[in-house]
Number of protein chains: 2
Amino acid sequence: MVQYSPLDTTFAALSDPTRRAVLERLGRSDASISDLAGLFAMTLTGIKKHVGVLEEAGLVTTEKVGRVRTCRLGPRRLDEESHWIGGYQRMLEQRMDHLEAFLEETTETLP
Amino acid sequence: MVQYSPLDTTFAALSDPTRRAVLERLGRSDASISDLAGLFAMTLTGIKKHVGVLEEAGLVTTEKVGRVRTCRLGPRRLDEESHWIGGYQRMLEQRMDHLEAFLEETTETLP
DNA sequence: AGAATACTGAACCATATGGTTCAGTATATA
DNA sequence: TATATACTGAACCATATGGTTCAGTATTCT
């Protein structure tokens with residue numbers, strides 16, 4: 001490891017399709033562990049682990065009332081993540097531009 | 001696993017700080033396995049594995065000429081990834097708006 | 001030809017991940 | 001009070017991940 005970054009945790013959380021689906025589901029409305037377990041045909045324990053990972057990454061918060069734990073989105077907005085990706089894309093563009101300029105220059109030297 | 005998606009592979013590739021640093025380094029110029037190993041104080045084998053993961057995710061291509069393997073960026077631009085994140089952020093906004101509307105409505109009913 | 005360089009692959013290691021089962025605990029319902 | 005519901009935690013399992021070492025192979029340099 002080079003150094004710690006919240007990007008590590010978030011990208012890892014987003015790399016699992018079940019977890020992305022949980023986020024999308026929670027976008028429609030809050031849901032309990034049982035709701036999610038039913039929806040994704042998984043044990044309560046299994047879903048709880050996924051929710052734990054999302055919580056660790058700050059993408060989900062949970063609150064237990066009575067015997068039901070309700071999961072909702074937040075507080076992270078993925079701003080750092082989209083910023084990193086945006087920067088990467090701009091860098092790619094720049095490299096393309098340089099390559100293009102280089103190719104043009106090379107072509108000009110031909111008859 | 002719910003289903004396969006390229007997002008799985010890419011987000012997983014991006015979740016490691018060394019690999020993100022390799023991408024950033026390759027943004028400045030192409031580099032050999034040895035270059036990267038030196039830069040990140042890692043064995044050739046270790047770096048080769050990371051490059052393999054990036055290659056698998058389509059973020060890096062490599063070409064071996066003589067005994068040197070040169071790594072460069074491409075071909076993936078992270079368009080799907082930024083699209084997913086963008087959609088997530090828009091969904092979050094919407095939820096916020098609904099919550100806001102709900103709170104306003106509730107407030108109006110007070111004296 | 002001989003030596004140095006650059007990578008490669010197999011094997012190994014410790015830890016993490018994505019799941020399960022099973023035996024609880026706490027809460028709500030009849 | 002008894003029973004059903006909802007979750008929790010420990011233990012386990014198979015596989016993946018992030019590294020290493022070591023013994024090659026292929027190229028290049030002297």
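Basis for what follows: all heavy atoms, side chains included, without hydrogens, waters or symmetry-related copies. First the proteins, then the strands, lettered A, B, ... as listed; each starts at 1.
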Protein-nucleotide distance ([X], atom [atom1]; [N], atom [atom2]), rounded to Å:
X: Met42(B); N: dT21(D); atom1: CE; atom2: P; answer: 12 Å
X: Arg20(B); N: dG18(D); atom1: CZ; atom2: C1'; answer: 15 Å
X: Asp16(A); N: dT17(D); atom1: CG; atom2: C1'; answer: 15 Å

With rounding to the nearest 0.5 angstrom, report the CD1 to OG1 distance, Ile33(A) to Thr70(A).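 Spacing of CD1 (Ile33(A)) from OG1 (Thr70(A)) equals 9.0 Å.
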Spatial distance of atom OG (Ser15(A)) from atom CD (Glu81(B)) [nearest 0.5 Å]: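 Spacing of OG (Ser15(A)) from CD (Glu81(B)) equals 11.5 Å.
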Given 3.5 Å as the limit, does a donor-acceptor pair link the side chain of [X] with the main chain of [Y], or not?
X: Arg95(B); Y: Leu26(A); answer: yes
X: Arg20(B); Y: Leu14(B); answer: yes
X: Gln89(B); Y: Leu78(A); answer: yes

Please report the closest heavy-atom contact between Val68(A) and Ser32(A), naming both atoms and the distance.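 Between these two residues, the closest heavy atoms are CG1-CB, 3.7 Å.
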If I compare all heavy atoms of Leu23(A) with all of Met91(B), which pair ends up nearest, and what's the gap?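 Looks like O-CE, 4.1 Å.
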Are Thr43(B) and dT20(D) close enough that a side-chain N or O sits under 4.0 Å from OP1 or OP2?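 Yes, Thr43(B) has a side-chain N/O under 4.0 Å of OP1/OP2 on dT20(D).
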When you measure from the side chain of Thr45(A), which nucleotide among dT20(D), dG19(D), dT20(C) comes out closest?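 Ranking dT20(D), dG19(D), dT20(C) by closest atom to the Thr45(A) side chain puts dT20(C) first.
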Look for any protein N or O under 3.5 Å of an N or O in nucleotides 3-6 of chain D and output each such pair with its distance, or none.
{"from": "dT5(D)", "atom 1": "O4'", "to": "Arg67(A)", "atom 2": "NH1", "distance (Å)": "3.2"}
{"from": "dT5(D)", "atom 1": "O2", "to": "Arg67(A)", "atom 2": "NH1", "distance (Å)": "2.5"}
{"from": "dA6(D)", "atom 1": "O3'", "to": "Arg67(A)", "atom 2": "O", "distance (Å)": "3.3"}

Pairs under 3.5 angstrom only: tabulate donor-acceptor contacts from the side chains of residues 37-59 of chain A to other protein residues two or more places apart or in another chain.
{"from": "Thr43(A)", "atom 1": "OG1", "to": "Gly46(A)", "atom 2": "N", "distance (Å)": "3.0"}
{"from": "His50(A)", "atom 1": "ND1", "to": "Arg19(A)", "atom 2": "NH1", "distance (Å)": "3.2"}
{"from": "Glu55(A)", "atom 1": "OE2", "to": "Thr62(A)", "atom 2": "OG1", "distance (Å)": "3.0"}

Contact list please: residues 47-60 of chain B against DNA chain D, heavy atoms, distance less than 4.0 Å, in numerical order.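 Correct list: Lys49(B), His50(B).
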For Gly66(B), report the nucleic acid contact type (base, sugar-phosphate, nothing); a contact means any heavy atom under 4.0 Å.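 Since only primed, P, OP1 and OP2 atoms lie under 4.0 Å of Gly66(B), the category is sugar-phosphate.
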